[in-house]
Structures are given as structure tokens and as C-alpha cells.
Number of protein chains: 2
Amino acid sequence: MEQRLDIHNSDTPKTCLACEVRLRGICATLSSSQLLELSKHTRQTKHQAGEELISDGEKVNSYATIIYGVVKLSKILEDGRQQVVGLQFAPDFLGRLFAEQNSFCAESASDVQICRMPKKAIEKIITNNPDLEHILLEQTLKELDEAREWIVTLGRKSALEKVACFLHLIATHLDPEHVQQNQCEIIFDLPLTRADIADFLGLTIETVSRQFTKLRTERVIEITARRHIIVPNLSVLKKTCG
Amino acid sequence: MEQRLDIHNSDTPKTCLACEVRLRGICATLSSSQLLELSKHTRQTKHQAGEELISDGEKVNSYATIIYGVVKLSKILEDGRQQVVGLQFAPDFLGRLFAEQNSFCAESASDVQICRMPKKAIEKIITNNPDLEHILLEQTLKELDEAREWIVTLGRKSALEKVACFLHLIATHLDPEHVQQNQCEIIFDLPLTRADIADFLGLTIETVSRQFTKLRTERVIEITARRHIIVPNLSVLKKTCG
DNA sequence: CGAAGACTTGACTTGAGTCAAAATTAGTGG
DNA sequence: CCACTAATTTTGACTCAAGTCAAGTCTTCG
């Protein structure tokens, strides 16, 4: 593992030194010289919730690292039905490696900041840096595990269990800075609208809303404002996931 | 890309020379010496439909390559609900790389033959052979794409569309040798029981059966025997997938 | 031939969807 | 700061697709 030594290395680009996910994302595997080279081509951008970062069917020209915020990956069928196929959190790598075309669209679910880098630049570094390829393989395997867990949730769970699973996912994946934790109590703001949640869970917004109400009356969660959730006891929530 | 030259190379192990997927699976990336070394530790096994190849929660000791047949990956909830999270076909690599424990179970859906290899052996070769890691990354990315496509199917499609999607998947993924193709007509035997199909689609066997009947009466498919399916026109089937 | 397993069909129930309306919240401009 | 509008969320009444339970039929195999 590379140490924080390079923080004092004058070769490391200024933007990178200031980057919150510098030591957690893919950049952590890069040498100072690779980072310097790559940083000449990167561009950090901020986006409000609801902006399209990558569109389905578009030619892939760049990848990105999520610096903060939540990104939803989704697919829209011709007749308008929409399904969110995954959520990504900082410092995930964004974009389908080695593909010519995107097969899903990526949209900011909350306000986000990303660091875009050209497809070619990354792919060139990969060929010379097995560590980078390895970390990308690890992330891809993790995403595959999560996708399969989600298949179980979509295929075999009731609406109530689905919503509980979703809340559990958010409570455990949100940046620690956005989560308050007093003893076993967890407090956070939902990064998604009810419509997004419905599209993620394969439900309608009405059903999602009813399950929120049910979880509240069963005291599994407290809803202090629409998006503001308190989970008094995470293990109770987990039991509700089925 | 390595050429078929090594077929005449006496260093290549006999079992590997006879292996049907030798040039398509992960072994295609190995040098003669790596293959020779690995083959000392591999063991080919045959299994009838319904045998457990890897069990959920078990310590991972080996990986495998599928030589022929279909393997289903599934998860069983405590209350007995089951969900198939993926199907794998020859020459897929089987097993969760780098994990200590399996998080899903793998079972032969049809009769299968696999080539098992010790976890340690593969992981050692990976560290010296970036080509192998690359091909594994490519397979993992492909599986992730498929898992996400499946999430769309589970989350947003009707029972009829789900069954049509399943038939389309099988028709396009089965080994060509098990598929007969006369002009646009496709004929094959289903490698899964109705119960497996139901667990894959998040439905009940009764609903799956009713959708088969409906597809038959709508002339999208012909069912000549329970498992024997004729798709007169693949594009008609595809339209039915929604 | 008989029994067990796999699959289909029918009658009824139920959980989630649909449509409509009300309530809440957020945003805007006076 | 408050009224007004627009968007989001909740709630209610009703419908319908898929689930459940129960027979019945077809296959396979000893």
C-alpha cells in the first residue's frame, strides 16, 4: 500500500492534493508521475441533482471518479418504464470500462462532484499498471455482488422488505460525514426522491410512500421531514429486510 | 492474441489438448508453462443436474471453468424463498475471485462438466499474468452488464415479458451444438426445470406455466415436449420481451 | 404397470398498481 | 415575511396481475 508520504511530494498536482477521495479511489494506485500525467487531462465538475452525467447509447469518451454525492445508473424502456440498476457513492469509479457505448444512463441523484478523465488516458495507464487493473477488478466484483444482492431483493421480497432494504443500503453506504450516529441511532437525509426510490425498487411512488408510513407506524424509522430519516436501531431495520 | 500453434506443442497437457473450451476460457491466456503448472492441480468432474457445486457461506478453496452445461447461481433466504441470481454457460469462470467466503450457491442446472483449480494456484498466476487478470475483468464486466439487464427485467417487466426474456436469453446463450437453427427457426431443450425458471424470474411455477401456455397460443413459441422449445422467429420473441 | 415427479389448469385471494384527491413542502416574487 | 404557485408526497377507493391452494394430466423410470 502506498503511504501518505506523497502528500508532501511536490510532484503531486494541487487539485489532487485537495481531493477528498485521493487516497481511496483509483488514484490511490497511481504513481506520482502517472498522477501528474493523468491530472493534465482531468476536469472536476459539480452537478445539481437530476443532471445526466452519461446517457444511454452514447459513445464512451470519458470515465470519472465520484468525489462526493450519489449517482444513479438507470435504464429506460421504450414505453417509458424506468429501472434504476445501481447506485454509486464516492469514491466509486463511474463508467463501463472498455465499452464503445454506454448501455445505461448515469444521473446525479443528489448534488455531486465528479472528476472526469479521458477514456484513452485511463486505458493507457491500465496497460502499464496492473495495480490499477486489480483495483478496478475488485470494484467490479463488489458491484457484481451488490447487483446480485439486489436481484434477490427485486425478485423475492415484498414491498415493505424492499423499502427496508433500500433504507438499510443508504444508511450503510452514505458518506460518514452525511450520517449522524448517536450510539446505535442513525440519522441521514435520503439522497433520492420517492420517484427514484420507486424506480430503484421496481415499485410505484404510491406503494413506496405507503411502506414508509407503515415503517413509521411500526416504529422501525422516524420521518422528521420528507427526506430526513432517523433509524433508532439498525438491527431492527435489518430484520425487516427479510 | 495467442495462436493455435501450441496445439502441437508437446508441453501442453493431454487433458487440456482435449478440452473443448481450451481456447475460449481463461486458459487461452496462459503460456504453455503456466498451463502445465496449473494442470498439475486441476481436476475435471462431471455432475448430474441438481448437484451443488459451491455452497453459500462455504470457504472458497477452488475456482472452476465450465466445460459444458449450465450452472445456476442462487441465494436462499432463511424462510426458504429462493432466487436465482445468474446463469453461467461454458466457458465461464466459476467462483467469486479473491473472496474468503462464497456469498451465493452454485448448482448444476443441466448435466455439466467443470474443471476445478485451486484458489491459490490461480491467484498466484494472476499476479504474474496481467492478461489473465484482464480477461477476468472483462468477464466480470460482462456479468455485471447481464446482472443489470436482469434487474430491469425483474423490476419492471410483466410475467409474460419475463418468460419471453428468459427464453430469449437461453436461445442466445446455449452452446451452438445444443441449438438447432433452420433459417430463422431456433430449436433447443430448456436446461432448467419450471421451478428453476420461476426462481430465476421471481415468479411461481404456476405463473411460469401459464405464460408458457400463453406464448404458445400466441404462436411465439411451440412446445413439442415439456422442455423442447421451437422459436419460429427470434425477432417476434424479442418483441415480446418488452 | 404403478408410483413419483414434473407440469398444467382452474377457482379464488391478495398485494401492489391505478386513478383521483388531499396534504405537505419548497420556491418565488411582492 | 407572507401569500401564491408548483412540485412532491400522502392517503383513499377501486382494479387487476400474480400468488395460493387444489386437482388433474402427463412423463419417466423402476
Side-chain angles (χ1 to χ4, degrees), chain A residues 48-50 72 77 79-83 109-111 153-167 189-218 221-229 240 242, chain B residues 48-51 72 77 79-83 107 109-111 153-167 189-218 221-229 240 242:
Chain A
Q48 291 183 293
K72 58 182 225 257
L77 301 180
D79 60 6
R81 284 178 289 182
Q82 182 170 9
Q83 177 67 43
S110 63
D111 292 352
T153 300
L154 290 178
R156 284 293 176 218
K157 295 192 178 176
S158 69
L160 188 72
E161 290 169 335
K162 284 180 180 177
V163 172
C165 283
F166 168 76
L167 289 169
D189 282 302
L190 286 174
L192 274 72
T193 64
R194 295 288 188 275
D196 286 338
I197 298 170
D199 285 337
F200 191 31
L201 296 171
L203 300 170
T204 59
I205 53 171
E206 294 94 330
T207 300
V208 170
S209 180
R210 280 185 247 270
Q211 307 314 319
F212 267 98
T213 305
K214 199 165 177 192
L215 288 172
R216 181 161 50 80
T217 58
E218 289 175 2
I221 58 170
E222 290 164 42
I223 308 172
T224 51
R226 288 195 223 239
R227 299 282 199 96
H228 196 72
I229 304 288
T240 316
Chain B
Q48 291 183 294
E51 286 184 44
K72 58 182 225 256
L77 302 180
D79 60 6
R81 283 178 289 182
Q82 181 169 9
Q83 177 66 44
E107 205 177 305
S110 63
D111 291 352
T153 300
L154 290 178
R156 285 293 176 218
K157 295 193 179 175
S158 69
L160 188 72
E161 290 169 336
K162 283 180 181 178
V163 172
C165 282
F166 168 76
L167 290 169
D189 282 302
L190 286 174
L192 273 71
T193 64
R194 297 288 188 274
D196 286 338
I197 298 171
D199 285 338
F200 191 31
L201 297 171
L203 299 170
T204 59
I205 54 172
E206 294 93 331
T207 300
V208 170
S209 180
R210 279 185 249 271
Q211 307 314 317
F212 267 98
T213 304
K214 199 165 178 193
L215 288 171
R216 181 163 49 82
T217 58
E218 290 176 1
I221 59 172
E222 289 164 42
I223 307 173
T224 51
R226 284 166 192 236
R227 299 282 199 94
H228 197 71
I229 303 289
T240 316

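None of these values were measured; they are calculated from a predicted model. Per chain, numbering begins at 1; letters A, B, ... match sequence-line order.
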Review point. Any side-chain heavy atom of B:Thr153 within less than 4.5 Å of one from B:Phe166?
Key: no
Check your understanding: Counting N and O atoms only, with roles assigned by atom type, does the side chain of B:Glu107 sit under 3.5 Å from a partner on the main chain of B:Glu51, one being a donor and the other an acceptor?
Key -> no
Review point. Separation of B:Leu215 atom CG from C:dC7 atom P, in whole Å?
Key: 16 Å
Exercise for review: Just report the end-to-end axis angle for the helix from C:dC1-D:dG30 to C:dG30-D:dC1, five pairs per end, to 10 degrees.
Suggested key: 40°
Exercise for review: Please answer whether the main-chain N or O of A:Arg156 pairs with a side-chain N or O of B:Arg81 as donor and acceptor at a distance below 3.5 Å.
Suggested key: yes
Review point. With the sugar-phosphate defined as primed atoms, P, OP1 and OP2, and the base as all remaining atoms, what B/S/- string results for nucleotides 10-17 of chain C, 5' to 3', for protein heavy atoms under 4.0 Å?
Key: BB----SS
Check your understanding: Is there a donor-acceptor pair closer than 3.5 Å between any side-chain N or O of A:Asp111 and the backbone N or O of A:Gln48?
Key -> no
Review point. Taking the nucleotide of DNA chain C with the closest heavy atom to each, which residue, B:Ala195 or A:Thr224, is nearer the 5' end?
Key: B:Ala195
Point to revise | Expected output: side-chain B:Glu222 to main-chain B:Arg216 donor-acceptor under 3.5 Å | key: no
Review point. With a 4.0 Å cut-off on heavy atoms, is B:Thr193 in touch with a base, just the backbone sugar-phosphate, or nothing at all?
Key: sugar-phosphate
Revision key, fill the gap. Nearest heavy-atom contact between A:Lys157 and A:Gly242 is NZ-O, 3.9 Å
Review point. Just by modelled atom types, is the A:Arg194 backbone N or O under 3.5 Å from a matching donor or acceptor in the A:Arg226 side chain?
Key: no
**Study point:** Atom-to-atom span, CG of B:Leu190 to P of C:dA6 - whole angstrom
**Key:** 15 Å
Point to revise | Atom pair distance, as rounded to whole Å: CZ in B:Phe212 and C1' in C:dT9 | key: 16 Å
Point to revise | Interface limits on DNA chain D, where chain B has a heavy atom under 4.0 Å of a nucleotide atom | key: D:dA18 to D:dT27
Review point. Would you say the base of C:dA6 and the side-chain of B:Arg226 have a donor-acceptor pair closer than 3.5 Å?
Key: yes
